[in-house]
There are 2 protein chains.
Amino acid sequence: MIIVITMPKLPFKAREKSDCLGARRSTRREAILDVLTSGPGHLSAEEIHKAALKRLPRIGIATVYRALKFLCGCGKAAEFIPADGVARYEPAGSRAHHDHLICTSCGCFIEAVDPEIERLQVRLAARHRFKPSSHKLEIYGLCSNCAGK
Amino acid sequence: MIIVITMPKLPFKAREKSDCLGARRSTRREAILDVLTSGPGHLSAEEIHKAALKRLPRIGIATVYRALKFLCGCGKAAEFIPADGVARYEPAGSRAHHDHLICTSCGCFIEAVDPEIERLQVRLAARHRFKPSSHKLEIYGLCSNCAGK
DNA sequence: GGCATAGTGATAACGATTATCATTATCCCA
DNA sequence: TGGGATAATGATAATCGTTATCACTATGCC
Ligand SMILES: [Mn+2]
Ligand SMILES: [Mn+2]
Ligand SMILES: [Zn+2]
Ligand SMILES: [Zn+2]
């Protein structure tokens, strides 16, 4: 006798979506990911919405927020919240970690990384028996343009 | 002939308040500063309001926000905005700069500072022709308690 | 005491974000 | 190649932290 065991098919709801499996194809999410990767980085949700409207004139702001959360869950985008409390987004995944130098005059973001600082952060955490999973280093000040000359 | 030149008396409005000169005495501000210095640090405005209500049962939340902004302007308090976007406050002035290790499980804040990291941040900024005025380093992860054992 | 005005509290307004819900688009399967 | 299940969407209400408004009170100075 042959016993055939068939796995019950998982409905969409039960599938894992945090890594994009089980998610349906969506022109809005693709457009928003395209805005992230093709435009200048560090955009707010509102700025992303404005840029997306040029491609999909009827896309709503709620969809932008949902898509950004989705893409962050997939690891295709990263969110960070600077001192003004308004979330900003940049493409992620293939991109390496970096910190930000934020100009308080023109608002520009300079991406920078110092391997030695990264290493010392791990040491600092260990010194306090702290298991680090992520960190945020933001340096506020004036970019070379705004500092004059 | 003697010419007497009298300086016009400056009204309150014209006086400098950012360093607390010209400010009237206020039991609310004193209570809030006391909450900051006597309680556990890193409180939100709402938590500060709750603590202040025990001393001044009629103090309003707007007064708390105003007082916190005032105290930050005086240099007697410092505000910082962690990843959840909700501002938190700690006493400042006599206190030295420090960074934060923030537990994502219990929400506790560990204060830490590494002079070498501070130095390297200046170097990193200089490398990008950036004039730093302040910085924020937050390390997220698990405190020794929450990491188990 | 009396005046000018800083400080206060209640509450409305605000901006960013999230929840709700009816409608639409996508996927899977017969 | 439909048709049904349901994920995705857009309009909009709701939420949350924070700020603005305004009538009223407390303070400091003469
Ligand atoms: Mn970046
Ligand atoms: Mn602290
Ligand atoms: Zn600049
Ligand atoms: Zn903890």
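Quick note on labels: first sequence line is chain A, next is B, and so on, each numbered from 1. From a predicted model like this one, the values you see are computed outputs, not experimental measurements.
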Chemist: Quick check: on DNA chain C, is the nucleotide nearest Arg66(A) upstream (toward 5') of the one nearest Ala45(A), or the reverse? Name the residue that is more 5'.
Modeler: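 It is Ala45(A) whose nearest nucleotide is closer to the 5' end.
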
Chemist: To the nearest angstrom, how far is Asp84(B) atom CG from dT17(C) atom P?
Modeler: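 After rounding, the reported distance stands at 13 Å.
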
Chemist: Heavy-atom distance under 4.5 Å between the side chains of His135(B) and Glu138(A), does that happen here?
Modeler: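 A side-chain contact is absent here, since even the closest heavy-atom pair is not under 4.5 Å.
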
Chemist: Do the charged groups of Arg25(A) and Glu30(A) touch, with an N to O distance under 4.0 Å?
Modeler: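 A salt bridge links Arg25(A) with Glu30(A).
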
Chemist: Between P on dA16(C) and OH on Tyr89(A), what's the gap in Å once rounded to a whole number?
Modeler: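 One finds 12 Å between P of dA16(C) and OH of Tyr89(A), rounded.
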
Chemist: Please figure out whether Arg25(B) or Val86(B) has its closest DNA chain D nucleotide nearer the 5' end.
Modeler: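 It is Val86(B), whose closest nucleotide lies nearer the 5' terminus.
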
Chemist: Rounded to whole Å, please give me the gap between CZ in Arg28(B) and P in dT25(D).
Modeler: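 Between P of dT25(D) and CZ of Arg28(B): 12 Å.
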
Chemist: Determine whether Ile102(A) and Pro82(A) make a side-chain contact, defined as any pair of heavy atoms from C-beta on separated by less than 4.5 Å.
Modeler: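 The answer is yes, as the side chains (C-beta and beyond) meet within the 4.5 Å cut-off.
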
Chemist: Can you tell me the distance, in whole Å, between the NE2 atom of His49(B) and the C1' atom of dA10(C)?
Modeler: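 It works out to 11 Å between those atoms.
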
Chemist: Using a 4.0 Å heavy-atom cut-off, does Ala87(A) contact any base of the nucleic acid, only the sugar-phosphate backbone, or nothing at all?
Modeler: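 Result for Ala87(A) = sugar-phosphate.
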
Chemist: To the nearest Å, how far apart are Glu30(A) CD and dA25(C) P?
Modeler: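 Nearest whole value for this atom pair: 16 Å.
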
Chemist: Are any of the side-chain heavy atoms of His98(B) and Glu90(B) separated by less than 4.5 Å?
Modeler: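 Heavy-atom side-chain distance check passes, below 4.5 Å.
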
Chemist: Please verify the inter-ring angle class for Phe109(B) with His42(B); under 30° counts as parallel, over 60° as perpendicular, anything in between as tilted.
Modeler: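 Judged by the thresholds at 30° and 60°, the geometry between Phe109(B) and His42(B) is parallel.
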
Chemist: Could you state the NZ-P distance from Lys50(B) to dG17(D), rounded to the nearest angstrom?
Modeler: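 To the nearest whole Å, that distance equals 11 Å.
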
Chemist: Could you tell me whether the phosphate oxygens of dA25(C), OP1 or OP2, come under 4.0 Å of any side-chain nitrogen or oxygen in Thr27(A)?
Modeler: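 No, outside the criterion.
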
Chemist: Between Glu46(A) (CD) and dG15(C) (P), how many Å, whole number?
Modeler: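 Distance, rounded to whole Å: 10 Å.
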
Chemist: Between Ile59(B) and Lys69(A), which residue's closest nucleotide on DNA chain C lies nearer the 5′ terminus?
Modeler: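 Going by which nucleotide is closer to the 5' end, it is Ile59(B).
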
Chemist: Quick one: Ile61(B) CD1 to dA13(C) C1', roughly how many Å, whole number?
Modeler: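 Rounding to the nearest Å, CD1 of Ile61(B) and C1' of dA13(C) are 16 Å apart.
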
Chemist: Counting side-chain heavy atoms from CB outward, which of dA25(C), dA10(C), dT27(D) is closest to Arg24(A)?
Modeler: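 Out of dA25(C), dA10(C), dT27(D), the nucleotide with an atom closest to Arg24(A)'s side chain is dA25(C).
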
Chemist: Does Tyr65(B) have a side-chain nitrogen or oxygen under 4.0 Å from the phosphate oxygens OP1 or OP2 of dT19(D)?
Modeler: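 No.
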
Chemist: Among dG9(C), dG7(C), dT17(C), find the nucleotide with the atom closest to the side chain of Arg58(B).
Modeler: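 The answer is dG9(C).
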
Chemist: With respect to the phosphate group of dG7(C), does any side-chain polar atom (N or O) of Ser26(B) fall under 4.0 Å of OP1 or OP2?
Modeler: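 No, outside the criterion.
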
